Amino acid sequence: MFDSIKENLIADLRPKQNNKCCYCKSELGFDIKAVDIEHILPKSKHEKFTFHPKNLALSCPGCNTSKGSKEVVKSAVLNYPRSGANIVIIHAHFDNYNSSIEIHDNAVFEGLDDKGCETIKQCKLYRLKTVQKKAREARARQSPIQELIESLRTAPQDEQRQLVERLNQITGQINGN
């Protein structure tokens with residue numbers, strides 16, 4: 001029974017969120033555990049809002065696990081909030097994400113206000129910079145040429161110039177110049 005409810009909820013929220021995590025804005029997957037139903041106000045602390053529609057959003061498992069059951073309201077609530085004013089993180093249904101967080105290179109998150117900074121902290125969005133770096137390193141190990149390109153990209157300028165000069169010599173020899 002719950003599986004069907006979860007599937008319907010996910011199907012409803014995916015297009016509303018452009019299939020993006022409500023916290024890190026990464027593309028949500030379609031495989032097992034590639035998407036979580038996030039309780040913005042944690043159900044362990046706000047049980048009566050467990051199924052409140054404004055308390056549910058989609059997140060990636062990394063953000064959901066990182067945020068966990070951390071408290072997100074500034075002061076106690078009796079009724080579900082009608083705005084994000086009493087909530088310390090970006091609320092998927094009330095707040096403008098781009099006013100609070102700017103994302104650089106799909107991996108570096110810059111908090112533009114207190115909510116943005118708190119969202120980055122609670123969801124550990126800084127972890128994505130490390131993930132992107134590891135992914136680049138893994139791709140670079142796939143082939144010697146990719147490794148060379150990655151080395152060139154991260155090398156000091158004088159070493160980059162030396163390599164470019166040497167590559168020009170080699171390509172000149174190949175072309176018969």
Side-chain angles (χ1 to χ4, degrees), residues 5-140 149-150 153-154:
I5 293 170
K6 285 181 177 183
E7 288 172 16
N8 287 335
L9 181 59
I10 290 169
D12 179 64
L13 289 172
R14 272 188 198 274
K16 291 176 181 173
Q17 291 182 211
N18 296 317
N19 198 43
K20 305 258 186 210
C21 171
C22 64
Y23 298 121
C24 71
K25 297 301 180 191
S26 64
E27 192 83 18
L28 296 170
F30 289 87
D31 201 357
I32 296 171
K33 283 311 279 174
V35 61
D36 284 345
I37 297 172
E38 160 66 3
H39 294 85
I40 299 166
L41 276 64
K43 60 186 174 188
S44 62
K45 295 179 175 155
H46 302 276
E47 188 177 326
K48 71 181 184 178
F49 303 132
T50 298
F51 299 106
H52 192 288
K54 296 288 187 198
N55 196 42
L56 302 172
L58 299 182
S59 73
C60 68
C63 286
N64 193 27
T65 300
S66 296
K67 178 182 161 280
S69 60
K70 295 177 183 104
E71 186 57 81
V72 298
V73 294
K74 295 175 189 175
S75 58
V77 292
L78 296 175
N79 297 311
Y80 198 81
R82 293 183 186 198
S83 75
N86 191 34
I87 300 170
V88 298
I89 63 171
I90 298 169
H91 191 290
H93 300 287
F94 299 136
D95 296 313
N96 179 338
Y97 187 93
N98 296 325
S99 296
S100 296
I101 293 180
E102 187 171 344
I103 306 172
H104 306 277
D105 299 323
N106 291 320
V108 180
F109 292 76
E110 176 186 2
L112 303 176
D113 60 18
D114 290 344
K115 278 190 171 209
C117 292
E118 190 63 24
T119 302
I120 291 167
K121 181 175 139 189
Q122 284 203 22
C123 297
K124 299 180 182 173
L125 297 183
Y126 47 80
R127 77 185 190 284
L128 295 174
K129 183 177 180 182
T130 304
V131 169
Q132 290 289 77
K133 181 181 178 198
K134 287 179 182 178
R136 276 195 307 274
E137 289 169 355
R139 282 192 303 272
I149 291 169
E150 183 64 15
R153 191 185 69 74
T154 58

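Atoms considered below: every heavy atom in the structure, side chains included; atoms not considered: hydrogens, waters and symmetry mates. The first residue of the sequence shown is numbered 1, and numbering continues consecutively from there. Just so you know, these numbers come straight off a predicted model, no measurement behind them.
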For [X] against [Y], the heavy-atom pair lying closest together:
X	Y	result
Ala57	His93	CB-NE2, 4.5 Å
Cys21	Cys60	SG-N, 3.3 Å
Gly111	Ile120	N-CD1, 3.3 Å
Cys123	Ser66	O-CB, 3.3 Å
Ile10	Val35	CD1-CG1, 4.0 Å

**Item:** Steps toward side chain to side chain contact (heavy atoms under 4.5 Å, CB included) verdict (Val73, Val88)
**Value:** CA-CA 6 Å; Val73 294; Val88 298; over 6 Å; no
Side chain to side chain, [X] and [Y], heavy atoms closer than 4.5 Å:
X	Y	value
Tyr23	Ile40	yes
Pro42	Val72	yes
Thr119	Phe109	no
Ile37	Leu58	yes

Do side-chain atoms of [X] reach the backbone of [Y] as a donor and acceptor pair under 3.5 angstrom?
X	Y	value
Asp36	Glu38	no
Tyr97	Gly116	no
Asn55	Leu41	yes
Lys54	Pro81	no
Asn19	Leu28	yes
Lys124	Thr65	no

**Message:** We want to know whether Asp113 and Ser100 form a side-chain donor-acceptor pair, criterion being a heavy-atom distance below 3.5 angstrom.
**Reply:** yes
**Residue pair His46 / Glu71, side-chain donor-acceptor N/O under 3.5 Å** = yes
**Request:** Kindly compute the distance separating CG (Leu125) from NZ (Lys67), expressed to the nearest 0.5 Å.
**Result:** 12.0 Å
**Asked** When the ring planes of Tyr80 and His91 are compared, do they come out parallel, tilted or perpendicular, using 30° and 60° as the limits?
**Response** perpendicular
**Asked** Does atom CG of Asp114 have more than 12 heavy-atom neighbours, drawn from other residues, nucleotides or ligands, at distances under 6.0 Å?
**Response** no
